[in-house]
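One structure is given here, and the rest of the page talks about it.
Chain naming here is simple, since letters A, B, ... match the order of the sequence lines and numbering starts at 1 in each.
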Protein chains: 2
Amino acid sequence: MPRAAVPAYEQVKAFIRGRIASGQWKPGDPVPSEAALMQQFGISRMTVNRGLRELAGEGLVTRIQGSGTRVAQLHRISSRLTIRDIHEEVAERGHVHSTRVLLAAREKASAAMAQSLGLRTGGAVFHSRLVHLENGVAIQYEDRYVNPAAAPDYLKTDFTQVSPTLHLLQHAPLTEASYSIEACLPTAEEAKELGIRRTEPCLAMMRRTVSGAHVASVARLVYPGSRYSFAGQFQA
Amino acid sequence: MPRAAVPAYEQVKAFIRGRIASGQWKPGDPVPSEAALMQQFGISRMTVNRGLRELAGEGLVTRIQGSGTRVAQLHRISSRLTIRDIHEEVAERGHVHSTRVLLAAREKASAAMAQSLGLRTGGAVFHSRLVHLENGVAIQYEDRYVNPAAAPDYLKTDFTQVSPTLHLLQHAPLTEASYSIEACLPTAEEAKELGIRRTEPCLAMMRRTVSGAHVASVARLVYPGSRYSFAGQFQA
DNA sequence: GAGTGGTCTAGACCACAGA
DNA sequence: CTGTGGTCTAGACCACTCT
């Protein structure tokens with residue numbers, strides 16, 4: 001028997017997705033059991049199981065052991081938000097990325113910063129400030145503090161060649177991160193470096209990354225509202 | 001042989017995750033082959049395969065047929081961004097959600113709106129405008145256009161009881177969506193209804209949802225920058 | 001050709017839910 | 001108790017990569 005071009009478990013997924021998308025199966029409705037789908041498709045249970053398990057992972061169906069599989073209540077469509085290197089992001093748009101380095105220094109940690117990074121107050125901390133440009137236009141002001149324990153060579157990096165994010169991704173494998181995005185007005189310094197008025201609203205992303213046992217970095221990324229937006233797509 | 005409390009494929013995943021997190025295996029390094037892991041753990045290939053496949057899905061490793069499995073180059077940590085009902089979101093914080101309805105009407109679609117929703121110009125379109133409050137404080141101004149074909153009963157809904165998002169999630173199962181988030185200043189109307197100054201920066205989310213064959217809805221959600229931020233967590 | 005991952009099977013035992 | 005999903009095995013054939 002020749003293998004189909006599209007795997008059997010994908011066929012099962014497509015079948016169920018279709019019923020849900022077309023509205024034939026509504027939230028809360030039962031999905032055929034693994035045994036039923038085995039018969040219907042003439043395939044083994046492991047294969048059916050894989051299809052259903054993946055649909056559950058995508059949030060399209062809910063499975064309860066002993067009870068059965070049902071169409072998920074709210075079709076929570078979700079997209080993946082990813083920490084990316086801005087250089088890569090700009091390059092993907094076919095544009096030229098460049099960097100203006102404002103500061104790259106070793107400093108003594110303030111109490112607040114020490115707390116954030118899990119250091120002792122007054123301990124050494126790396127501090128960088130730079131502006132990212134896309135085709136020569138400033139799109140991001142990056143103010144970052146780095147834990148020397150997580151990335152000891154941070155300051156040796158030429159940030160015009162390797163962005164701080166990339167250096168950190170390569171030297172301090174991410175294990176955890178948190179972020180928040182808010183709207184704010186730029187500080188005088190930020191406005192000056194970004195070349196915008198102080199009244200222009202900006203997106204600010206606060207990001208804290210953890211690598212293994214260390215908090216690796218705390219950053220504030222400021223984007224002019226008129227030049228940048230976060231966009232994404234959801235797919236069921 | 002009694003089943004272990006933690007499944008074998010999870011043990012494989014934990015083993016590999018550990019090596020990566022601890023830095024013993026760096027980006028680009030080869031991960032042991034399925035055959036090697038079978039031997040090491042004394043389990044069957046399908047089980048090893050599931051562990052590795054899930055790690056690949058999480059972006060922690062890259063698998064190439066014929067070549068092997070390697071630690072992924074950039075540990076792209078990503079989190080799921082989900083379309084949620086604001087009522088649910090506020091309730092989850094233990095706060096009280098309420099709604100002020102400003103408008104709920106059938107209108108004729110402008111050319112631009114008809115284009116967005118996939119209608120003919122001048123066709124009927126549902127239009128709602130409302131303010132969402134958390135503990136009595138305005139946190140979101142919602143301006144939404146809905147395709148009558150996707151949710152014919154939209155205007156019959158009491159939006160103080162069932163939010164537009166919830167109604168749509170329930171009656172027009174999401175199949176696709178796109179969004180963008182930007183910083184902006186509120187319009188005069190928005191500032192008035194949100195009770196903020198016109199100079200206060202806001203987050204604006206534009207969202208377009210598709211349900212089956214129809215574009216279901218186009219919405220603009222405006223959040224005062226001082227009262228709201230999008231936040232999230234990434235986990236490897 | 002040897003080694004890799006992608007898929008699949010036909011069984012199996014188990015934990016759990018619901019009647 | 002029956003039916004469900006969760007996990008696992010010991011094989012198998014295939015497509016692919018690399019040497």
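- A heavy atom lying under 4.0 Å from DNA chain D marks the following residues of residues 46-54 of chain A, by number: M46(A), N49(A).
- Distances shown here put every side-chain N or O of S44(A) at or beyond 4.0 Å from the OP1 or OP2 atom of dC8(C).
- Note on ring orientation: taking the six-membered ring where Trp is involved, the planes of H127(B) and Y145(B) are parallel (angle under 30°, cut-offs 30° and 60°).
- The side chain of S33(B) contributes an N or O atom lying less than 4.0 Å from OP1 or OP2 of dT4(C).
- Residues I64(A) and P32(B) each lie close to DNA chain C; by heavy-atom proximity, the contact nearer the 5' end of the strand is made by P32(B).
- For dG5(D), the OP1/OP2 oxygens have a side-chain nitrogen or oxygen of T69(A) closer than 4.0 Å.
- A donor-acceptor pair shorter than 3.5 Å can be found between the side chains of R63(A) and T69(A).
- Atom pair Q39(A):CD and dG3(D):C1' shows a separation of 14 Å (rounding to whole Å applied).
- Annotation: cation-pi pair R207(A)/Y179(A) absent, no NZ/CZ under 6.0 Å from the ring centroid and within 45° of its normal.
- F41(B) and Y9(B) have their aromatic ring centers separated by at least 6.0 angstrom.
- Separation of atoms CZ (R70(B)) and CG (D29(B)) is listed at 8.0 Å; rounding is to 0.5 Å.
- Regarding I43(A), its CD1 atom lies at a distance of 11 Å from the C1' atom of dT7(C), rounded to whole Å.
- For the side-chain hydrogen bond (donor to acceptor under 3.5 Å, both in side chains) condition, the pairs that include at least one residue of residues 159-168 of chain A, sequence neighbours left out, are D85(A)-S163(A), R144(A)-T165(A), T157(A)-H167(A), D158(A)-T160(A).
- Atoms CZ (R45(B)) and P (dG3(C)) sit 14 Å apart, rounded to a whole Å.
- A straight line from CZ of R70(A) to P of dT4(D) spans 12 Å, rounded to a whole angstrom.
- When the C1' atom of dG3(D) is taken as reference, atom CG of L37(A) falls 15 Å away, rounded to whole Å.
- Atom-to-atom, CD of E10(B) to C1' of dT7(D) comes out at 11 Å; the value is rounded to the nearest Å.
- Put simply, CD on Q65(B) is 15 Å from C1' on dA2(C), counting in whole angstrom units.
- Applying the ring-ring contact (aromatic ring centres under 6.0 Å, His included) rule to F126(B) yields no partners; only residues at least two apart in sequence or on another chain are considered.
- Applying the 4.0 Å criterion to OP1 and OP2 of dG6(C), one finds that R63(B) has a side-chain N or O inside that range.
- Between dT7(C), dT4(C), dT7(D), one nucleotide has an atom nearer to the side chain of Y9(A) than all others, and that is dT7(C).
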